[in-house]
Amino acid sequence: MNLQDLTRKYYVEYDYNCAETLLHACNDYYGLNLQQEDMKLVSGFGGGMFVGSTCGALVGCVASLSKKVIETKAHDQLDVFRPAIQKCVRNFKEELKGTNCIEIKPLFHTKETKCLNTCLHAAKAMEKTMDELGIKSVL
């Protein structure tokens with residue numbers, strides 16, 4: 001099972017929004033050890049915070065990367081953390097042609113599948129980022 005398979009499962013079978021979907025899928029795939037209650041932290045980021053702002057799928061990816069990389073706090077690891085997040089955003093933007101929901105939705109959203117395609121492309125960008133950083137799946 002790859003990250004896209006898990007992403008499809010959480011989006012379709014469990015009806016999570018884009019941010020929740022990516023965090024759940026990355027939790028399983030990269031062994032983030034987050035609990036179900038923790039997942040609620042990104043719930044409000046779906047649909048670009050419901051106003052078309054930063055894509056919730058990107059938020060889910062950044063949250064996952066943060067959990068995987070940060071040992072104490074961001075300011076203690078800026079030399080490693082900043083370029084990691086920049087890679088994540090760059091890969092996301094290359095894959096989805098933007099970072100804001102309002103830019104991405106016209107390209108990937110359909111009435112039938114909603115934001116599934118966005119989430120699948122976000123998973124692809126996330127895998128690229130993690131590969132570049134040498135972070136492997138636990139599956």
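These numbers come from a predicted model, not from an experiment.
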Colleague: Could you go through the side chain to side chain contact (heavy atoms under 4.5 Å, CB included) check for V69 and I135 one step at a time?
Modeller: CA-CA 9 Å; V69 172; I135 298 171; 4.2 Å; yes
Colleague: Taking Y11 as the starting point, is it possible to reach L96 by hopping between hydrophobic residues whose side chains are less than 4.5 Å apart?
Modeller: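 L96 does not cluster with Y11.
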Colleague: Any sub-3.5 Å donor-acceptor pair from S53's side-chain atoms to M49's backbone N or O?
Modeller: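 It does not hold such a pair.
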Colleague: For the OG1 atom of T21 and the CE atom of M39, what is their distance to the nearest 0.5 Å?
Modeller: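 The OG1 atom of T21 sits 10.5 Å away from the CE atom of M39.
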Colleague: Side chains of E71 and D76: does their closest heavy-atom pair fall under 4.5 Å?
Modeller: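 Counting from C-beta outward, E71 and D76 never come under 4.5 Å.
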Colleague: Any non-hydrogen side-chain atom of Y30 less than 4.5 Å from a side-chain atom of V138?
Modeller: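 Heavy-atom side-chain distance check fails, nothing below 4.5 Å.
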Colleague: Can you hop from F108 to F92 via hydrophobic side chains spaced under 4.5 Å?
Modeller: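 Yes, it is one cluster - the side chains of F108 and F92 are joined through contacts under 4.5 Å.
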Colleague: Please answer: with hydrophobic residues joined when any side-chain heavy atoms are less than 4.5 Å apart, are L6 and L116 in the same cluster?
Modeller: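 Result: no, two separate clusters.
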Colleague: Could you state the interatomic distance from CZ (R82) to NE2 (H75), rounded to the nearest 0.5 Å?
Modeller: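 So the gap between those two atoms works out to 8.0 Å.
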Colleague: Any heavy-atom pair between the side chains of L32 and S64 that's under 4.5 Å?
Modeller: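 A side-chain contact under 4.5 Å exists here.
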Colleague: So which atom in C18 and which in G46 form the shortest heavy-atom distance, rounded to 0.1 Å?
Modeller: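 Here C18 and G46 meet closest at SG-CA, 3.8 Å.
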Colleague: Hey, mind stepping through E127 and N2 against side chain to side chain contact (heavy atoms under 4.5 Å, CB included) and telling me if it holds?
Modeller: CA-CA 9 Å; E127 283 185 298; N2 63 31; 4.0 Å; yes
Colleague: How about NZ on K9, more than 12 heavy atoms from neighbouring residues, nucleotides or ligands closer than 6.0 Å, or not?
Modeller: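 Check passes, neighbour count above 12.
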Colleague: What heavy-atom pair brings G47 and C101 nearest, and what distance separates the two atoms?
Modeller: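 That closest heavy-atom pairing would be C-SG, 3.8 Å.
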Colleague: Would you check if T7 and C26 make a side-chain contact, meaning some heavy-atom pair closer than 4.5 Å?
Modeller: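 Of all side-chain heavy-atom pairs linking C26 with T7, none is under 4.5 Å.
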Colleague: Side chains of K67 and L34: closer than 4.5 Å at any heavy-atom pair?
Modeller: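 With C-beta onward as the side chain, the pair touches.
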Colleague: Taking atom CD as the centre, does E94 end up with more than 12 heavy-atom neighbours from other residues, nucleotides or ligands that are less than 6.0 angstrom away?
Modeller: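 Yes, CD of E94 has more than 12 neighbouring heavy atoms, counting only those of other groups under 6.0 Å.
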Colleague: Kindly say whether I102 contributes a backbone atom to a donor-acceptor pair with the side chain of N100 at under 3.5 angstrom?
Modeller: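 Not at all, since once roles are kept as given, no pair shorter than 3.5 Å links the two residues.
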Colleague: Nearest 0.5 Å, please: how far is CG in N27 from CD in E20?
Modeller: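 CG of N27 is found 13.0 Å from CD of E20.
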Colleague: Quick check: are there more than 12 heavy atoms from other residues, nucleotides or ligands sitting under 6.0 Å from CZ of R90?
Modeller: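 Correct, the count exceeds 12.
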Colleague: With a 4.5 Å limit on heavy-atom distance, are the side chains of L65 and L133 in contact?
Modeller: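 Counting from C-beta outward, L65 and L133 do come under 4.5 Å.
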Colleague: Inspect the surroundings of NZ in K93 and state if more than 12 heavy atoms from other residues, nucleotides or ligands are less than 6.0 Å away.
Modeller: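 At most 12 heavy atoms, drawn from other residues, nucleotides or ligands, come within 6.0 Å of this atom.
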Colleague: Inspect the surroundings of CG in L107 and state if more than 12 heavy atoms from other residues, nucleotides or ligands are less than 6.0 Å away.
Modeller: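 It does: L107 CG has more than 12 such atoms within range.
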Colleague: Is the shortest heavy-atom distance from the side chain of I70 to the side chain of F81 under 4.5 Å?
Modeller: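 They are in contact (side-chain heavy atoms under 4.5 Å apart), so the answer is yes.
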Colleague: Could you tell me the separation between the OG1 atom of T110 and the NZ atom of K114, rounded to the nearest 0.5 Å?
Modeller: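 If I round to the nearest 0.5 Å, the distance is 10.0 Å.
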Colleague: Which heavy atom of A123 sits nearest a heavy atom of L3, and at what distance?
Modeller: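 Closest approach of A123 to L3: O-CD2, 3.5 Å.
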Colleague: What's the separation between atom NZ in K128 and atom SG in C88, rounded to the nearest 0.5 Å?
Modeller: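 Between K128 NZ and C88 SG, I get 11.5 Å after rounding to 0.5 Å.
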Colleague: Apply the test side-chain hydrogen bond (donor to acceptor under 3.5 Å, both in side chains) to residues Y10 and D28: give CA-CA distance (whole Å), side-chain angles for both, the deciding distance (0.1 Å), then the verdict.
Modeller: CA-CA 11 Å; Y10 281 110; D28 290 356; 2.5 Å; yes
Colleague: Provide the closest heavy-atom pair for L23 versus G60 in the form atom of the first, atom of the second, distance.
Modeller: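 Nearest heavy atoms, L23 then G60: CD1-O, 4.2 Å.
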Colleague: Please determine whether side chain to side chain contact (heavy atoms under 4.5 Å, CB included) holds for the pair C55 and T99, giving the CA-CA distance in whole Å, both sets of side-chain angles, and the decisive distance to 0.1 Å.
Modeller: CA-CA 6 Å; C55 178; T99 58; over 6 Å; no
Colleague: Are L120 and V42 connected in the hydrophobic side-chain network, where two residues link if heavy atoms are under 4.5 Å apart?
Modeller: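 No, no single cluster joins them.
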Colleague: Could you go step by step and tell me if E103 and K97 meet the side chain to side chain contact (heavy atoms under 4.5 Å, CB included) rule?
Modeller: CA-CA 8 Å; E103 303 163 324; K97 312 301 180 225; over 6 Å; no
Colleague: Spell out, yes or no, whether Y29 and L22 are grouped together once hydrophobic residues are joined by side-chain heavy atoms under 4.5 Å, including indirect joins.
Modeller: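 No, separate clusters.
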Colleague: Using the ring of each side chain (for Trp, its six-membered ring), is Y16 parallel, tilted or perpendicular to H24, with breaks at 30° and 60°?
Modeller: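 Y16 vs H24 ring planes: parallel.
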Colleague: Can a donor-acceptor pair be found, under 3.5 Å and without considering hydrogens, that links the side chain of N17 to the backbone of S43?
Modeller: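 Yes, because the side chain of N17 sits within donor-acceptor range (under 3.5 Å) of the backbone of S43.
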Colleague: Any chance you could measure N33, atom CG, to K68, atom NZ, to the nearest 0.5 Å?
Modeller: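 Rounded to the nearest 0.5 Å, the CG-NZ separation comes out at 7.5 Å.
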